[in-house]
Amino acid sequence: MTDDPTAQARAWRRELHQHPGIAFDVEETADFLSGVLAGLGWRVHRGIGGHGLVASTRRGSSMRAIALRSDMDGLALDEATGAGYSSRNAGVMHACGHDGHMAMLLGTAAALVAADDDFDGTVHLVFQPAEEPGLGALAMIADGLFDRFPVDAIYGLHNLPGIPAGHIHTRGGAIMAAEDDFEIRIHGRGGHASMPHLVIDPLVIGADIVSSLQTIVARSIDASRSVVVSCTEFITDGARNAIPGEVIIRGDTRSFTAEDSRLVERRIRTLAESVAAAHGATCDVEYTREFRPTVNDPGRNRVVAAAASAALGASAVDADCAPRMASEDFGEFARVVPGCFAFLGTGTVVGEGGTPLHSRDYDFNDDVLEAGIAFYLQLVRSELPPTAP
Ligand SMILES: [Zn+2]
Ligand SMILES: [Zn+2]
């Protein structure tokens, strides 16, 4: 440990960065977190939802408790940052900044230990695996997370390139969208490319379906609401001179309400089946729900806004930012206990904190560790105020 808390958090972040894991495969990460937190005197509980872990500390006599949550997993990408502390695990890297999220909680843990009597109650640090596939939060909840560690509120931060470094953006209500996936399998009849009158061409039908799906947002959704329908894959079993017999179209939709999600599913099924039928083909549609929306509790949102303003200055805070169409596993926690999720800006210039998430050259901007830790410390003091001496 060094005496400079930000330098220490930076060192932890870079250590975590070198040993990323994917989804539930984060044992190395859990080992490291567990070692640091136990060394700081926190009680560490491992093996919750796979390699998820909770570190707890209690002070004073209050029964109030809050959770601060970080994700643990990286992505299946080959790192191209060129950093001296690049990933040592081939084909895996922290391209979403979850290493930075973990380091901010470790820095907060260290600072809370150093400040002896600064809060009254219990703080649980929740580290979840498998945020990227949207499975880790549910796994921890199913494993009894909130039964074993009851809390009055849960909070989380995600770093976000495109927002000025050290700024916090949040909002009451839905802040991140639900993500649904779909697969449309069109069954036609393939044949010789020179004799199309003898086939039922699923490729032409598929093109028609892709076009028709564009009308869902344009013509079926109330224009005041936000929905996205994207086709992302178009796969055929044809060859250059053979018309395919089957086409698979895959895609992804985003929405903020269960009502819109159901409407999108209904329209995809109707459009795909009727366009296929009009051309003498059949199709099967599979529709699955991957992430539910992240919805912030309005009261917890006010707590976050006040804590962020106190820690970072009011000019660094937007408490009513626009919602994002991306999706986040934090929403599962916030369905069970009141919660608030916020974005921590990492910078607006590419290469200086503004490189987009999930890029091979993305590297968490260590300069915002200090702001994240200051925010978390203020949040703990606001939610678990120290008793008057
Ligand atoms: Zn991500
Ligand atoms: Zn992420």
Do [X] and [Y] come within less than 4.5 Å of each other through their side chains, counting heavy atoms only?
{"X": "Asp284", "Y": "Ile186", "answer": "no"}
{"X": "Phe375", "Y": "Leu344", "answer": "no"}
{"X": "Glu383", "Y": "Gln378", "answer": "no"}

Could you list all the ring pair (Phe, Tyr, Trp, His ring centres under 6.0 Å) pairs where at least one residue sits in [range], not counting sequence neighbours?
{"range": "residues 282-335", "value": "Phe330-Phe341"}
{"range": "residues 148-168", "value": "His45-Phe149, His98-His158, His101-His158, His124-Phe149"}
{"range": "residues 228-284", "value": "none"}

Can you name the residues that form a side chain to side chain contact (heavy atoms under 4.5 Å, CB included) with [X], not counting sequence neighbours?
{"X": "Glu370", "result": "Thr6"}
{"X": "Val349", "result": "Glu352"}
{"X": "Ala305", "result": "Ala319"}
{"X": "Ser212", "result": "Asp208, Leu271, Val275"}

Exercise. Using the side-chain hydrogen bond (donor to acceptor under 3.5 Å, both in side chains) rule, take Ser261 and Asp180 through it: C-alpha gap first, then chi angles, then the decisive distance, then the call.
Key: CA-CA 8 Å; Ser261 164; Asp180 304 339; 2.7 Å; yes
Practice problem: Could I get the full list of salt bridge (Lys or Arg N to Asp or Glu O under 4.0 Å) partners for Arg324, not counting sequence neighbours? | Solution: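 For Arg324 there are no salt bridge (Lys or Arg N to Asp or Glu O under 4.0 Å) partners, ignoring immediate neighbours.
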Quiz prompt | Partner set under salt bridge (Lys or Arg N to Asp or Glu O under 4.0 Å) for Asp181, not counting sequence neighbours | solution =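 Asp181 satisfies salt bridge (Lys or Arg N to Asp or Glu O under 4.0 Å) with no residue once adjacent residues are dropped.
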Self-check item: With sequence neighbours excluded, residues passing side chain to side chain donor-acceptor pair (under 3.5 Å) with Tyr376
Solution: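 If we apply the side chain to side chain donor-acceptor pair (under 3.5 Å) test to Tyr376, skipping adjacent residues, there are no hits.
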Quiz item: Any donor and acceptor pair, going by atom type alone, linking the side chain of Ser359 with main-chain N or O of Tyr362 inside 3.5 Å?
Solution: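 Looks like no, no N/O pair under 3.5 Å.
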Quiz item: Is the backbone N or O of Met102 less than 3.5 Å from a side-chain atom of Ser70, with the two atoms forming a donor-acceptor pair by type?
Solution: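 Yes, Ser70 side chain to Met102 backbone: donor-acceptor pair under 3.5 Å.
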Quiz item: In Å, rounded to the nearest 0.5 Å, how long is the span from CG of Leu125 to OG of Ser56?
Solution: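 Rounded to the nearest 0.5 Å, the CG-OG separation comes out at 7.5 Å.
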Under 3.5 Å, side-chain donor or acceptor atoms of residues 23-41 against the rest of the protein: list the pairs with distances, not counting sequence neighbours.
from: Glu28; atom 1: OE1; to: Asn89; atom 2: ND2; distance (Å): 3.4
from: Glu28; atom 1: OE2; to: His19; atom 2: ND1; distance (Å): 3.0
from: Thr29; atom 1: OG1; to: His19; atom 2: O; distance (Å): 3.4
from: Asp31; atom 1: OD1; to: Arg46; atom 2: NH1; distance (Å): 2.9
from: Asp31; atom 1: OD1; to: Arg46; atom 2: NH2; distance (Å): 2.8

Practice problem: Indicate if Phe343 and Leu157 have the same hydrophobic cluster label, given that clusters are the connected sets of ILVMFWY residues with side-chain heavy-atom separations under 4.5 angstrom. | Solution: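 Per the 4.5 Å side-chain linkage, Phe343 and Leu157 are co-clustered.
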Exercise. Test salt bridge (Lys or Arg N to Asp or Glu O under 4.0 Å) on Glu265 and Arg289 and set out the steps.
Key: CA-CA 10 Å; Glu265 177 182 2; Arg289 293 184 167 79; 2.9 Å; yes
Quiz prompt | Note: Asp260-Arg267 ion pair, threshold 4.0 Å (strictly below) | solution =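 Between Arg267 and Asp260 there is no salt bridge, as every charged N stays at least 4.0 Å from the carboxylate O atoms.
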Quiz item: Which pairs, with at least one residue in residues 70-94 and sequence neighbours excluded, count as a salt bridge (charged side-chain N to carboxylate O under 4.0 Å, His left out)?
Solution: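 Those involving residues 70-94 are Arg69-Asp71.
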